[in-house]
Participant: 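One structure follows; several queries about it will come next.
In what follows, chains carry the letters A, B, and so on, assigned in the order in which the sequence lines appear, proteins first and then strands, with residues in each chain numbered from 1. Hydrogens, waters and symmetry mates are skipped; everything else that's a heavy atom, side chains included, is used. These numbers come from a predicted model, not from an experiment.
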Amino acid sequence: MSETAKTSGGLEQDRPDADAAAELARQAEAGPAGRAAAPDVTLPVLGFAGMLRWAWTQLTSMRTALFLLLLLAVAAVPGSLFPQRPANPAVVTQYLKDNPDTGPWLDKLQLFDVYSSVWFSAIYLLLFISLIGCVLPRAGHHWKAMRSQPPRTPRRLSRLPEYGALALAADSPVTASSAVEDAARLLKRRGYRVQVRGADTALPSVGAERGFLKETGNLIFHISLIGVLVSVAVGGLFGYRGQKIIVEGDSFVNTLVGYDNFSPGTNFSENQLEPFSLQLDKFEVVFDRESKTHYGQPLDFTAGMTTRDAAGAEPKQQTLKVNEPLSIGGANVYLVGNGYAPVVTVRDGDGNIAHQGPVVAVPTDGAYTSTLVLKVPDARPEQLGFVGLFLPTALENEQGVAFGSDPDPFNPRLYLNSYAGDLGLDEGEPKNVYVLDTAGLRVLNDRTQESGGIVLGPGETFTLPDGLGTISFDGLKRYVALDITADPGETGALVFSSLALAGLCASLFVGRRRVWVRAGTHPDGRTMVEWALLARGEDHRLAAEAAALRKLLEKEWLAGSARPADNGKNGGAGSAGATNS
Amino acid sequence: MPSIDETLGQYSELFILLAAMTFTVALIAFCWDLATASRTLQAVEDRLARQQVPAEAAVGAGRTGGGGAAEGAVETADESLEYAGQRRPAARIGVALSALGTLILAAGVISRGLAAHRVPWGNMYEFCTTGALVVAAVFLLALTRKDMRFLGSFVIGLVVIMLCAAAIAFPTPVAHLVPALQSYWLIIHVSVAVIASALFTLTFAMSVLQLLQARREATAMAGRPDRLAFLRVVPSALTLENVAYRINTVAFVLWTFTVMAGAIWAEKAWGRYWGWDTKEVWSFVIWVVYAGYLHARATRGWTGTRAAWLSIVGYLCVIFNFTIVNVFFSGLHSYSGL
Ligand code: HEM
């Protein structure tokens with residue numbers, strides 16, 4: 001019964017808007033006097049301040065909070081439907097290219113930057129303003145409630161949702177006032193705050209209340225959400241994130257020019273970068289060689305690194321793995337990708353070495369079928385460009401088309417087309433190193449030409465047509481793709497979200513309830529005790545608490561001795577002193 | 001890395017198929033129970049009503065289809081959800097078979113874990129089978145405390161769907177985990193997510209029943225015939241709402257933890273704790289919808305039917321996140337094994 005009753009009635013008691021309603025009611029009662037004081041004011045003039053107050057009340061109402069929450073959920077969805085710039089700028093560019101009609105419109109609506117868009121920000125900022133406006137007054141109320149005494153004992157306890165009574169035999173040593181003292185002690189031990197009333201009257205009673213932690217938890221939860229938001233903002237302001245690819249044997253120094261890609265926070269300054277360095281000594285990969293169904297699936301990636309905290313510092317040997325970042329110089333280093341870098345030498349038409357070294361190939365599938373672009377601007381008399389595939393284990397199908405069949409380098413092959421002409425690298429615009437714009441170039445080698453495509457195994461050399469030079473495949477290295485990030489808001493986010501979780505548990509699972517116990521003496525000499533419990537807010541354990549309380553009291557007064565004279569909810573009894581039996 | 005035990009893996013698949021069949025029979029029993037239990041009740045009431053007709057002719061004549069309950073009220077199960085009342089053999093069979101199915105499924109899931117030397121939740125097949133096991137186990141656990149057999153056809157129906165999806169749509173032989181999933185956070189994050197989802201499943205079923213029951217109660221108030229007689233074995237809308245709320249609070253806390261653990265893991269694996277990856281977006285949406293639900297329960301005018309709708313929408317988001325997002329959306333979380 002108690003469960004169902006509280007849903008409609010009891011629940012509203014704790015709500016600030018219910019408090020407001022009560023306040024209204026109070027004012028209404030005081031109405032005649034108030035009106036008498038200012039009889040000629042007929043229409044309330046809202047005015048600017050009044051408008052503001054009205055707007056504030058609306059914004060901080062529970063209904064608005066609910067509405068904004070649901071709106072936030074809806075507004076978050078498009079971010080999963082459209083590619084997002086922060087995560088995938090290239091995909092967005094491609095999308096705009098593929099959808100020249102709708103794309104720009106979607107872009108104007110900020111659908112490619114949903115989470116930094118004006119509309120998304122507006123919703124969560126309003127929500128958080130509403131939250132602050134909601135939490136502050138609540139905190140005030142709660143502060144007062146925590147320091148006030150438990151409410152006065154109601155006249156008719158039997159009307160409350162949980163009620164019980166006991167009659168103690170006349171020869172029992174328990175008197176009304178000692179019974180109330182006992183009850184107060186027991187309740188206190190159960191975590192209640194208690195106050196004994198009228199100890200020396202005929203009907204002494206004790207009022208008790210517990211579960212302030214519920215509201216405290218609720219406040220902590222909501223305030224912590226603000227903390228999480230602030231932490232996220234701190235990360236966005238002072239953090240940075242960069243990408244770097246390191247081939248085996250190479251190293252990286254943490255400076256701006258060292259990065260392949262760098263996205264600083266809004267307030268980032270370059271001297272935040274500690275001058276640590278990383279060298280990739282060896283990268284080991286284990287593929288599944290036992291399973292028939294998952295043959296060749298990666299099982300382990302391990303990067304052996306030599307790290308230095310600063311330029312002259314002691315070198316340290318460290319291993320970097322997926323899910324196990326390295327922490328160095330205030331930043332974290334993550335292993336986010338890997339692949340092959342064939343070592344290639346290009347001699348130009350003059351016989352000089354125009355390029356020598358590993359070329360990073362980008363894997364596109366589980367067999368590490370990788371795309372590769374090599375630009376050789378130093379080649380003379382003409383600049384050279386190569387585009388093609390690297391296959392770690394190349395097989396040919398019946399049509400003679402090569403495909404990659406295994407991620408380990410059992411039969412490594414380079415399949416390249418070559419181009420000659422102006423690569424357009426001298427104009428100073430930054431160019432994507434993984435893309436060669438072949439539009440203005442002359443084709444030297446590809447499958448459609450008489451010269452054919454270039455196919456190279458390890459140690460082999462291919463001579464380009466027209467005496468433009470040679471290309472040779474000298475060896476194979478692996479590389480790792482690293483993300484290097486610093487986020488000074490991270491700890492805050494963890495602390496505040498943990499606090500929020502703790503607050504949430506307290507708020508949802510602590511029962512806030514009140515207990516009153518009253519005792520009196522029946523004319524026949526028996527001591528009569530009655531008690532009642534009331535929940536504030538949702539509390540399905542009230543009945544269990546009532547049962548536990550009865551047990552405690554019975555144990556206290558009846559243990560071993562007389563059996564309870566009156567052992568049940570006898571409904572109609574008003575006060576203990578008058579209990580019939 | 002110890003080798004995969006492929007023979008044990010095949011036994012595991014066999015167990016899971018067997019479990020699916022057992023659950024299917026259990027489902028039939030539960031549906032049978034819903035259909036017959038209310039009819040038995042109706043018959044009892046009609047007999048009582050007929051006996052009362054001579055005495056209360058006027059009242060009796062005015063009623064068309066409603067049960068023998070008081071005017072305007074509607075017959076529902078007891079709100080305490082205690083086991084009592086008339087015997088329901090079909091429901092008993094349903095519960096027994098569900099227990100049996102759960103045991104067989106547990107054998108299947110555990111043997112898969114043993115075969116792979118790791119926790120059995122690393123791809124869609126495993127999410128579905130382990131998820132079904134947890135849903136069934138949570139349901140049985142709830143049954144030991146309260147009479148929630150009225151949920152049987154919904155919950156076991158869902159278990160059957162999950163097992164069929166695993167066997168038909170996502171079959172995946174046992175294998176090792178890819179490096180990205182080799183983390184103890186997989187154990188923490190996914191297990192709690194599965195438990196939370198199982199609880200959301202229970203409350204989803206309750207919220208749907210709550211809406212039906214509320215409509216039936218309104219129909220009875222209006223004196224129109226009761227066309228949803230099977231809801232006699234289901235508690236009142238208010239009881240359903242309260243019980244669903246209690247379970248939803250637990251599930252919400254677990255979901256909050258799931259999202260946090262996911263963020264911690266994302267920080268470890270990808271170098272950022274939140275990046276609005278598709279999966280993260282939908283986990284956030286789920287969280288906000290259920291936060292809305294909790295708010296609704298404390299907002300005047302939003303308790304009851306509206307709150308139930310929010311609980312349903314939240315669950316649809318859970319399903320969407322698990323199926324559509326895993327299968328069709330690309331993102332960092334592409335571990336569905338498809
Ligand atoms: C970022 C936005 C918000 C989120 C994510 C959020 C989330 C939650 C959650 C999950 C609960 C249930 C747990 C609990 O009882 O502590 C809750 C309760 C509550 N929230 Fe919020 N909230 C937000 C904003 C607000 C705002 C703006 C208000 C004020 C209008 C508000 C007022 C309340 C109240 C009064 C409760 C207690 C309800 C109850 O006891 O069941 N919240 N909130």
Participant: Is B/V259 close to chain A through its backbone or its side chain, or both, or neither, when contacts mean heavy atoms under 4.5 Å?
Facilitator: neither
Participant: What distance do A/N332 atom CG and B/K268 atom NZ have between them, rounded to the nearest 0.5 Å?
Facilitator: 8.0 Å
Participant: Are the side chains of B/W185 and A/N323 in contact, using a 4.5 Å heavy-atom criterion?
Facilitator: no
Participant: Under a 4.5 Å cutoff for heavy-atom pairs, which residue among A/L501, A/L81, A/L494 has the most contacts with chain B?
Facilitator: A/L501
Participant: Do B/W302 and A/L66 come within less than 4.5 Å of each other through their side chains, counting heavy atoms only?
Facilitator: yes
Participant: Measuring from atom CG of B/L294 to atom OG of A/S507, what distance do you get when rounded to the nearest 0.5 angstrom?
Facilitator: 8.5 Å
Participant: So for B/L310, is it side chain, backbone, both, or neither that comes closer than 4.5 Å to the heavy atoms of chain A?
Facilitator: side chain
Participant: Please identify, among A/V114, A/L70, A/L68, the residue contributing the most non-hydrogen atom pairs under 4.5 Å to chain B.
Facilitator: A/L70
Participant: Nearest 0.5 angstrom please: A/S291 OG to B/E6 CD, how far?
Facilitator: 5.0 Å
Participant: Between A/Y115 and B/W276, what is the ring plane arrangement, given parallel below 30°, perpendicular above 60°, and tilted in between?
Facilitator: parallel
Participant: Highest number of heavy-atom pairs under 4.5 Å with chain B: which of A/S80, A/S497, A/A493?
Facilitator: A/S80
Participant: With a sphere of 6.0 Å drawn around CZ of B/R145, does it hold more than 12 non-hydrogen atoms of other residues, nucleotides or ligands?
Facilitator: no
Participant: Could you check if a side-chain atom of A/F301 sits within less than 4.5 angstrom of a side-chain atom of B/V178, using non-hydrogen atoms only?
Facilitator: no
Participant: What distance do B/H176 atom NE2 and A/E290 atom CD have between them, rounded to the nearest 0.5 Å?
Facilitator: 6.0 Å
Participant: In the structure I gave you, are the side-chain heavy atoms of B/H295 and A/F67 within less than 4.5 Å of one another anywhere?
Facilitator: no
Participant: Would a 4.5 Å heavy-atom cut-off, applied to side chains only, mark B/R300 and A/R63 as touching?
Facilitator: yes
Participant: Heavy-atom distances under 4.5 Å only: say whether A/P86 touches chain B with side chain, backbone, both or neither.
Facilitator: neither
Participant: Could you check which of A/V232, A/V74, A/N88 has the highest count of heavy-atom pairs closer than 4.5 Å to chain B?
Facilitator: A/V232
Participant: Any side-chain heavy atom of A/H294 sitting closer than 4.5 Å to one from B/T172?
Facilitator: yes
Participant: Examine whether an atom of B/W282 lies under 4.5 Å from a heavy atom of chain A, and if so say whether it belongs to the side chain, the backbone or both; otherwise answer neither.
Facilitator: side chain
Participant: Return the option, out of A/R241, A/Q84, A/K321, with the maximum number of heavy-atom pairs under 4.5 Å with chain B.
Facilitator: A/R241
Participant: Evaluate the criterion side chain to side chain contact (heavy atoms under 4.5 Å, CB included) for residue pair A/L69 and B/Y293; output intermediate values, then yes/no.
Facilitator: CA-CA 10 Å; A/L69 267 174; B/Y293 165 85; over 6 Å; no
Participant: Can you tell me which portion of B/Y273 sits under 4.5 Å from chain A's heavy atoms? Options are side chain, backbone, both or neither.
Facilitator: side chain
Participant: Looking at A/D487, is its backbone amide N or carbonyl O close enough to the side chain of B/R272 to form a donor-acceptor pair, meaning the two atoms are under 3.5 Å apart?
Facilitator: no
